[in-house]
Protein chains: 2
Amino acid sequence: MRADAQRNRERLLDAAVELILEVGGEPSRDAIASRAGVGIGTLYRHFPDQQSLLKAVALHVLDRTITAGEGALADSASGGEALRRYMHLAIDHGLGVINIIYPLIEHADWPDQRARAASLLLTIVDRAQSDGVMRPDATATDVGFAVIRACRPLAVGLPPDEERALAHRHVDICLDGLTDTPSTPSSG
Amino acid sequence: MRADAQRNRERLLDAAVELILEVGGEPSRDAIASRAGVGIGTLYRHFPDQQSLLKAVALHVLDRTITAGEGALADSASGGEALRRYMHLAIDHGLGVINIIYPLIEHADWPDQRARAASLLLTIVDRAQSDGVMRPDATATDVGFAVIRACRPLAVGLPPDEERALAHRHVDICLDGLTDTPSTPSSG
DNA sequence: GCTAATCGGAGTATAATCCTCCGCTTACTG
DNA sequence: CAGTAAGCGGAGGATTATACTCCGATTAGC
């Protein structure tokens with residue numbers, strides 16, 4: 001694959017992630033291409049149909065979130081810290097986009113990302129619970145949904161950076177609800 | 001005002017609320033009319049432009065939420081109970097729609113609803129805090145935003161009743177985060 | 001019954017979005 | 001540093017969604 005093609009592909013994915021998070025729904029193809037600073041033809045060459053684009057976006061985001069999450073888990077001193085770090089980094093990596101490909105998740109023909117994500121999240125939750133900081137009735141699903149919710153745009157007209165700050169604030173609140181001890185507000 | 005006109009007006013408002021909550025954004029006028037079981041002409045007669053419709057929707061929802069909230073506050077035994085009841089009833093009354101009219105809130109020419117809502121929320125938060133159940137660093141804004149977030153659709157394709165159940169579950173988690181003591185999961 | 005208010009929805013105008021196509025540009029290769 | 005195949009951009013036509021009007025049919029209220 002030629003270098004410029006690779007670069008444009010990544011620009012398109014990043015633009016798509018941004019727009020999905022801003023709009024809270026599927027953005028138009030024209031909008032994605034123009035945000036990526038790329039011709040509309042280029043978008044269609046890389047992603048012939050909507051489905052392939054959405055799938056690529058999901059894998060892109062899942063991938064980098066899982067990688068970052070595994071790293072955070074590895075060098076966290078406690079289950080509570082791992083949980084907190086995971087939730088915040090998931091926001092920063094754009095995990096919120098998966099609300100859009102929800103219907104695709106069921107019959108996903110994609111690789112082991114899904115299993116890997118589930119296993120990571122379960123490990124974190126298990127560890128937090130056996131450390132005694134996380135309430136036993138809280139589930140991995142609660143954690144996942146809390147992150148997705150935090151990523152949804154809150155109010156039309158709010159600039160992206162404010163949205164992001166509010167998302168982190170909200171996740172801290174959820175963290176307190178999911179755990180027994182108040183979490184230290186994180187700085188990112 | 002003729003009885004059927006009044007009835008249709010209310011149907012339109014209710015349909016608009018439903019759709020806004022389902023879609024998470026502004027629904028089309030055609031969709032609203034058809035959901036309300038009313039001709040498109042009827043919609044335009046009642047609400048000549050988008051702005052007047054959105055404003056009416058907001059007032060409609062604010063009104064019934066405030067009324068219910070004041071009632072709940074009046075017969076709650078504690079600040080904690082008032083807070084919990086308020087958050088859950090706000091979901092049920094559709095307070096989530098206000099994310100859509102956010103840009104209108106600033107220069108709103110509408111009556112005292114806004115002040116009434118603010119005062120109700122502040123009273124509840126004050127009471128919860130002086131009762132010692134709510135963390136002092138949590139704010140009325142946190143409460144409001146938590147409710148709005150809980151009302152946003154979580155995943156495309158999820159049926160409305162599941163969305164609603166998840167919203168209540170989420171609010172319970174936030175409630176635990178905002179308060180010092182775990183809240184009893186409410187049944188509505 | 002009468003009538004003025006209200007309704008419904010077919011139908012046109014407008015705008016958004018989709019997608020193709022092809023001449024131009026650029027990264028790689030020898 | 002040419003040669004060339006891969007890749008790019010975006011004009012523009014097709015398609016679809018949405019906005020809005022208009023008027024004959026209907027109905028509430030007297």
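Protein chains get the first letters and strands the later ones, always in sequence-line order, with residue 1 at the start of each.
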With B for base contact, S for sugar-phosphate-only contact and - for none (protein heavy atoms under 4.0 Å), nucleotides 22-30 of chain C reads ----BSS--
| query | Hey, does the side chain of B:Arg152 reach the backbone of A:Pro153 with a donor-acceptor pair shorter than 3.5 angstrom? | reply | yes
A:Thr123 side-chain N/O to A:Ser119 backbone N/O, donor-acceptor pair under 3.5 Å | yes
From CD1 of A:Ile40 across to C1' of C:dC19 the rounded distance in Å is 8 Å
B:Leu43 atom CG is separated from C:dT6 atom C1', nearest whole Å, by 14 Å
Query raised in the report: So does B:Arg29 get a side-chain nitrogen or oxygen closer than 4.0 Å to the phosphate oxygens (OP1/OP2) of D:dT18?
Result: no
Atom CG of B:Asp49 and atom P of D:dC20 are separated, to the nearest Å, by 8 Å
Subject >> Side-chain N,O (B:His46) to OP1/OP2 (C:dC7) below 4.0 Å >> reply: yes
Rounded to the nearest 0.5 Å, the CG atom of A:Asp172 sits from the NE2 atom of A:His88 at a distance of 3.5 Å
* To do: Verify the contact: side-chain N or O of B:Asn8 to OP1 or OP2 of C:dT6, cut-off strictly under 4.0 Å; return yes or no.
  => no
Testing D:dT21, D:dC8, C:dG8 for proximity to the side chain of B:Thr42, the answer is C:dG8
*May I ask you to check whether B:His170 and A:His170 place their ring centers less than 6.0 Å from one another?*
yes
note: B:Arg9, atom CZ; C:dC7, atom P; distance rounded to Å ~ 12 Å
Between CG of B:Asp30 and P of C:dT12 the distance, given in whole Å, is 16 Å
note: A:Phe47, atom CZ; D:dC8, atom C1'; distance rounded to Å ~ 15 Å
**Prompt:** Between the side chain of B:Asp142 and the main-chain N/O of B:Thr139, is any donor-acceptor distance below 3.5 Å?
**Reply:** yes
- prompt: Quick one: is B:Ser28 getting a side-chain N or O under 4.0 Å of the D:dA17 phosphate, OP1 or OP2?
  reply: no
Rounded to whole Å, CZ of A:Arg11 lies from C1' of D:dC8 at a distance of 12 Å
Here the distance between atom C1' of D:dT18 and atom CG of B:Leu53, to the nearest Å, is 15 Å
* Is a side-chain donor or acceptor of A:Glu163 paired with a backbone partner of A:Leu154 at a separation under 3.5 angstrom? -> yes
Closest non-hydrogen contact found for B:Ala33 with B:Leu12 is CA-CD2, 4.2 Å
